[in-house]
Amino acid sequence: MGRPKPRQTSLAEPLVAWFLTNAREFPWRDRPLEAERDPYRVLVSETMLQQTQASRVVDRFKRFMDRFPTAHSLAEADVDPVLELWSGLGYYQRARRLHEAARAVVNMGGWPSEARSLRELPGVGRYTAGAVASLAFGERTPAVDGNVARVLLRVRGEPGVLNEPATMKRVWVAAEELLEGTDLAASLVNESLIELGATVCTPASPFCPACPLRSGCVAFATNLQGTIPSPRKAAAKTVLHAASLIVFDDRDRLLVEQRPATGMWGGLWQAPTIETPRSLTAPRAAAAFGLAEAPERIGRFSLATSHRDVRFQVLTSRSPVSRQGAVWKSPRQIGRLGLSSAQRRILVEIAPTLVGQRVSSDA
DNA sequence: AACGCGGGGGT
DNA sequence: ACCCCAGCGTT
């Protein structure tokens, strides 16, 4: 009874010390690391990084900031060039919401500076609000993403399934307590946790010998680092069949259409495409496109998304095509549209090899 | 609580 | 094959 209950040594100090010497270079990671950042740069990068590995974001972020360096420049832009810059990155609603958020910031006459008000911007949830508030405005507030949740669960030796509300609630509390127990800047603590989760405390086979927290890590002490967090329930995957039609007019323009704003690839452009739950023969596809004669099938490929396998067949036709809402666009114009990876493949890679197979324009 | 929303990397 | 990823919004 003589000694007080030993207060757990703060993990923040060794964590941040590790981060300051091991932080990777990223275009959005301005130096010095403890300096407050431009909220717009933080929002753009954090939005791109949602459910997307950092290595995939680096070039996109540079291009995006080059084209839209400020919230004002983004707010003034049309949504189409925004989707063009997002092309291939996935989760395209992120781009639309980021665009809307920029307009909201301009309309409000400036940035909200607190996490609570940042959350009202479209596309800004609890994590992103915490990231912008701490990194750009120095607010002492956590930012818990999948990386941080994994690190904290392991350090504390708590079981849990990632992204389950009950798990995340506990982890957010743990992150708040970590910030309360140190005088270090919240921005440094938050980003250190993220970086540790991304590079050392990785989902499978973490590099515990390199971890600055290993001496205080319950999972490491009990050899549970490979089983925390518990795996999520596997999402069911369905198969979707799609047929896309490549058709040129006499000026080497391609017929394209815009997808509805909601749903998969919402608002993106595509070659005339039909989607069916079951496979479709080329003649059946021809009927669906209203073609007078069977199209020529020129290729097939599959594309795996999170909960779908999309099996594309690519067709070309020499007969006139009429397609409601479709328009002719030159290859140069198509390059400036928002395209999914599949449609980029079809319209940008495959189609140019077919120039010369023309039909009369009748769209 | 469950689901929709992309596409690619790692194992 | 399967897992996950600097998540968010809707139902």
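Quick note on labels: first sequence line is chain A, next is B, and so on, each numbered from 1.
- Scored by the ring pair (Phe, Tyr, Trp, His ring centres under 6.0 Å) test, A/Phe312 finds A/Phe301 as partners (sequence neighbours excluded).
- By the side-chain contact (heavy atoms from CB on, under 4.5 Å) test, A/Ser279 is found to be paired with A/His241, residues two or more places apart in sequence or in another chain being considered.
- For A/Arg29, the salt bridge (charged side-chain N to carboxylate O under 4.0 Å, His left out) partners two or more places apart in sequence, or in a different chain, are A/Glu191, A/Glu195.
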Got a list of side-chain donor-acceptor pairs under 3.5 Å for residues 347-355 of chain A, not counting sequence neighbours?
unit_1	atom_1	unit_2	atom_2	d
A/Thr353	OG1	A/Ile350	O	2.5

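- Applying a 4.0 Å cut-off to non-hydrogen atoms, none of the residues of residues 18-31 of chain A approaches DNA chain B.
- Side-chain atoms of A/Glu13 and A/Ser10 form a donor-acceptor pair, as typed in the model, at a separation below 3.5 Å.
- Residue pairs meeting the side-chain hydrogen bond (donor to acceptor under 3.5 Å, both in side chains) criterion with at least one partner in residues 167-179 of chain A, sequence neighbours excluded, are A/Glu158-A/Arg170.
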For each nucleotide in nucleotides 4-11 of chain B, reading 5' to 3', give B when a protein heavy atom comes within less than 4.0 Å of its base, S when such contact involves only the sugar-phosphate, and - otherwise. SBBBBS--
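- Distance A/Lys237 NZ to B/dC3 P: 16 Å, rounded to the nearest Å.
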Could you list the donor-acceptor pairs under 3.5 angstrom formed by side chains in residues 112-129 of chain A, with sequence neighbours left out?
unit_1	atom_1	unit_2	atom_2	d
A/Ser117	OG	A/Glu114	O	3.0
A/Tyr127	OH	A/Glu46	OE1	2.7
A/Thr128	OG1	A/Gln50	NE2	3.1

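- A salt bridge does not link A/Glu275 to A/Arg311: none of the charged nitrogens lies less than 4.0 Å from a carboxylate oxygen.
- Looking only at atom types and distance, the side chain of A/Ser244 has a donor-acceptor partner in the side chain of A/Gln343 under 3.5 Å away.
- Nucleotides B/dC5 and C/dA1, compared at atom P, are 23 Å apart to the nearest Å.
- Pairs passing the salt bridge (Lys or Arg N to Asp or Glu O under 4.0 Å) check and including a residue from residues 203-225 of chain A, sequence neighbours excluded, do not occur.
- Although no hydrogens or angles enter the test, the distance criterion places no donor-acceptor pair under 3.5 Å between the side chain of A/Asp66 and the main chain of A/Lys62.
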Mind listing the side-chain donor-acceptor pairs of residues 219-238 of chain A below 3.5 Å, one per line with the distance, residues two or more places apart or on another chain?
unit_1	atom_1	unit_2	atom_2	d
A/Thr222	OG1	A/Val218	O	2.7
A/Thr222	OG1	A/Ala219	O	3.4
A/Thr227	OG1	A/Leu224	O	3.1

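- In this structure, A/Lys233 atom NZ and B/dC3 atom P are separated by 7 Å, rounded to whole Å.
- Separation of the P atoms belonging to C/dA6 and B/dG10 is 12 Å when rounded to the nearest angstrom.
- In this structure, A/Asp30 pairs ionically with A/Arg41, as a charged nitrogen and a carboxylate oxygen lie closer than 4.0 Å.
- Bracketed by its first and final contacts, the part of DNA chain C lying under 4.0 Å from non-hydrogen atoms of chain A reaches from C/dC3 to C/dG9 in 5' to 3' order.
- Stem regions for DNA chain B, each three or more consecutive Watson-Crick or G-U pairs with both distances under 3.5 Å and listed by first number, read B:1-5 with C:7-11, B:7-11 with C:1-5.
- Rounded to the nearest Å, the gap between the P atom of C/dC8 and that of B/dG8 is 23 Å.
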